[in-house]
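The block underneath contains the structure these notes are about, expressed in structure tokens.
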Amino acid sequence: MSTQEETSLNFIEQIIEEDLKNGKHNKVVTRFPPEPNGYLHIGHSKAICINFSMAQKYGGKTNLRFDDTNPVKEDTSYVNAIQKDIEWLGFEWDAEPLYASDYFGKLYNYAAFLIKKGLAYVDDSTQEEIRAMRGVPTKPGTESPYRNRSVEENLQLFEQMKNGDFEEGEKVLRAKVDMSSPNMHMRDPVIYRILKAHHHRTGDEWCIYPMYDFAHGVSDSIEGITHSLCSLEFEHHRPFYEWLNKQLEIYEPQQIEFARLNLNYTIMSKRKLLQLVEEGVVNGWDDPRMPTLSGMRRLGYTPEAIRNFIDRVGVAKRENIIDIALLEFCVREHLNKITPRVMGVLDPVKLVITNYPDDQVEQMTAINNPEDPEGGSRTLPFSKDLYIERADFMEDPPKKYFRLGPGRMVRLKNAYIIECNDFVKDEATGEITEIHCTYIPNSRSGEDISGLKVKGTIHWVSIPHAIEVETRMYDRLFNDENPDGHKDEEGNSISFMEFLNPDSLHVQKAYVEPSLASAIAGDRVQFMRKGYFCVDPDSTTDHLIFNKTVGLRDSWAKKQKK
RNA sequence: UGUCUCAUGGUGUAAUGGGUAGCAUGGAGGACUUUGACUCCUUCGGUUUGGGUUCGAAUCCCAAUGAGGCAUCCA
């Protein structure tokens with residue numbers, strides 16, 4: 001940890017430190033305001049980490065506030081999933097979760113206050129008329145014919161809206177700001193609309209609901225948020241945010257925007273993720289291929305790895321597309337430290353040790369995790385009949401191949417050195433069906449006095465002791481770096497669905513060492529020489545399922561490709 | 001042809017008028033290895049362009065260029 005790292009602040013930290021120094025604030029209060037209309041994804045984890053860690057770092061607190069102002073899209077199931085994901089990531093919000101809907105009463109009164117100040121009016125125009133009058137960014141809009149209703153009439157109408165006297169779409173409440181503003185969001189934004197929908201928390205108490213711009217700014221103010229940290233897309237909402245609290249004559253928090261996280265080979269839009277779920281492209285929000293936190297959790301990612309990743313990615317205002325390789329690096333980095341090493345053969349071929357006694361079984365000692373001195377060891381049964389990885393034998397290997405081939409020697413990890421004498425091949429298919437070897441009796445791991453040096457070490461399982469399991473080998477969901485960013489010749493955007501990877505999931509049978517018999521959902525291991533795996537919740541005691549979290553780096557495979 | 005924001009190696013981020021422009025990832029090469037993993041070492045690669053201010057500019061100013069955002073009764 002160098003001093004340079006300690007003094008290197010991102011632009012938000014600089015603002016906060018300045019505010020603290022000059023006495024604008026003496027504490028930091030942030031908030032994370034998800035809309036409960038979908039699951040949290042890796043992009044949200046950036047917003048979560050930033051908001052929570054700023055408060056943590058500067059001794060403040062963070063509110064979790066559900067921005068539940070659109071009852072037609074929102075649901076309690078999402079509320080629960082979101083809370084679970086934030087907790088899993090390792091953050092604690094202040095006290096109880098909050099809801100924008102808690103403030104519906106206050107919000108109504110603030111809206112009435114705006115009306116009394118002559119700064120809001122009820123508009124009878126249709127949605128289309130309002131859109132038309134708003135104009136375009138390059139030209140001013142025109143004022144609504146209802147813009148100059150009297151305060152009394154507006155108050156009366158607004159109350160009638162609340163009482164359900166009008167139908168959906170018949171009337172809205174608009175802030176009276178500036179129809180000629182170059183900022184579209186200042187052209188009398190709608191702040192209340194009629195929605196005769198059942199709300200997941202307030203039920204049928206209300207039939208008018210505040211819009212984001214109104215509810216969010218006021219909620220921040222009510223909660224005394226000092227720094228309202230959000231993504232760049234809300235930049236042009238800031239003028240209204242500031243206008244609103246000023247006109248309401250209430251506490252004015254400061255909104256600061258940062259660039260959201262983008263990952264290549266991934267889509268991040270909640271709407272599109274929902275589409276993947278609804279069309280059955282994936283098996284739910286927590287499908288391990290999804291970039292959702294619940295999906296990543298199921299895949300075997302750790303919260304530490306994700307937080308670390310967000311840390312490395314940094315915070316700035318420029319648009320960015322992060323290489324998924326960085327995320328995978330962070331996952332490997334953490335898993336390398338914490339996972340026990342076990343042996344599992346994913347694509348088996350039988351190997352017989354011809355000079356090993358038929359019924360003999362030896363217990364071999366294996367270190368659980370060489371990275372963890374406290375990790376201890378276990379024993380592994382060894383016998384005459386083994387499975388090894390099909391890729392660890394070649395009939396006619398190149399010089400630099402360190403594994404098995406006719407006449408070649410390798411070390412069986414934690415066991416003996418063996419030499420290949422023969423193999424059986426199915427001439428019809430060309431497939432190797434059996435490999436025959438002899439073992440060197442005095443080469444046993446830990447007591448090797450054979451004096452032999454071999455270049456390669458391979459993993460194995462004893463056939464009579466092995467457990468058959470299912471492995472789910474996941475790959476990226478999309479083949480394209482930017483699945484959501486393509487247009488055809490006419491300039492129409494091409495659906496991200498066109499870039500789905502047809503091989504994003506391979507289910508296959510594998511054989512693993514018997515120590516895994518007691519594995520339970522969520523357990524993480526490293527199958528030596530293959531990758532990190534996590535036990536899927538679909539597992540039962542007699543049918544274990546391992547999800548491939550991420551493979552080990554494989555410089556041999558890389559070399560092969562060239 | 002309005003307005004806002006942004007511009008540093010392939011990617012991401014630091015340097016806040018005075019460092020040979022740093023770090024991470026990535027690529028290449030090598031050492032080590034009972035995981036072709038891990039670890040370690042070497043190496044590749046960058047200030048968008050043009051003006052200006054200054055003794056001195058990645059940093060300040062202007063312009064150009066490029067990228068992204070902006071009309072939902074979504075958040």
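On a predicted model such as this, the values are computed, not experimentally measured, just so you know. Chain A is the first sequence line, chain B the second, and so forth, proteins listed ahead of strands; every chain is numbered from 1. Computation of the quantities below employed the complete heavy-atom set of this structure, encompassing side-chain atoms and omitting hydrogens, waters and symmetry-equivalent molecules.
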task = Could you tell me whether the side chain of A:Arg65 and the main chain of A:Ala100 form a donor-acceptor pair under 3.5 Å?
result = no
request  = Keeping the roles fixed (side chain from A:Glu333, backbone from A:Phe329), state whether a donor-acceptor pair exists under 3.5 Å.
outcome  = no
When you measure from the side chain of [X], which nucleotide among [options] comes out closest?
X        : options                : answer
A:His185 : B:rC74, B:rA71, B:rU35 : B:rA71
A:Leu552 : B:rU35, B:rA14, B:rC73 : B:rU35
A:Val313 : B:rG26, B:rG12, B:rC38 : B:rG12
A:Lys455 : B:rC74, B:rU33, B:rU35 : B:rU33
A:Asp67  : B:rA75, B:rU35, B:rU8  : B:rA75
A:Lys317 : B:rC6, B:rG36, B:rA24  : B:rC6
A:Pro137 : B:rG2, B:rU25, B:rU13  : B:rG2
A:Ala316 : B:rC73, B:rA14, B:rG27 : B:rA14

note = Assert: residue with more 5' nearest nucleotide on RNA chain B, out of A:Glu128 and A:Phe527, is A:Phe527
message = Using heavy-atom distances to pick each residue's nearest nucleotide on RNA chain B, tell me which of A:Asn414 and A:Val136 is more 5'.
response = A:Asn414
In whole angstrom, give the distance that lies between atom [atom1] of [X] and atom [atom2] of [N].
X        : N      : atom1 : atom2 : answer
A:Leu335 : B:rC38 : CG    : P     : 13 Å
A:Arg411 : B:rG36 : CZ    : P     : 13 Å
A:Trp556 : B:rG36 : CH2   : C1'   : 8 Å
A:Tyr265 : B:rU11 : OH    : C1'   : 12 Å
A:Ile310 : B:rU11 : CD1   : P     : 19 Å
A:Asp392 : B:rG36 : CG    : P     : 8 Å
A:His199 : B:rC74 : NE2   : C1'   : 14 Å

query = A:Ser181 side chain N/O closer than 4.0 Å to the phosphate oxygens (OP1, OP2) of B:rU3?
reply = no
Same-atom distance ([atom1]) from [N] to [M], integer angstrom:
N      : M      : atom1 : answer
B:rA15 : B:rA58 : C1'   : 8 Å
B:rC61 : B:rG17 : P     : 12 Å
B:rU47 : B:rA7  : P     : 16 Å
B:rC32 : B:rG26 : C1'   : 23 Å

message = Students often get this wrong, so: under 4.0 angstrom with heavy atoms, is A:Gln127 touching a base, only sugar-phosphate, or nothing?
response = base
task = Look at all strands and tell whether A:Arg341 reaches a base, only sugar-phosphate, or nothing, counting heavy atoms closer than 4.0 Å.
result = base
key: Side chains of A:Ile322 and A:Leu327 in contact at under 4.5 Å (non-hydrogen atoms)   = no
message = So A:Lys455 and A:Arg403, do their side chains get closer than 4.5 Å, heavy atoms only?
response = no
ask   = Ion pair present between A:Glu328 and A:Arg553, side-chain N to carboxylate O less than 4.0 angstrom?
value = no
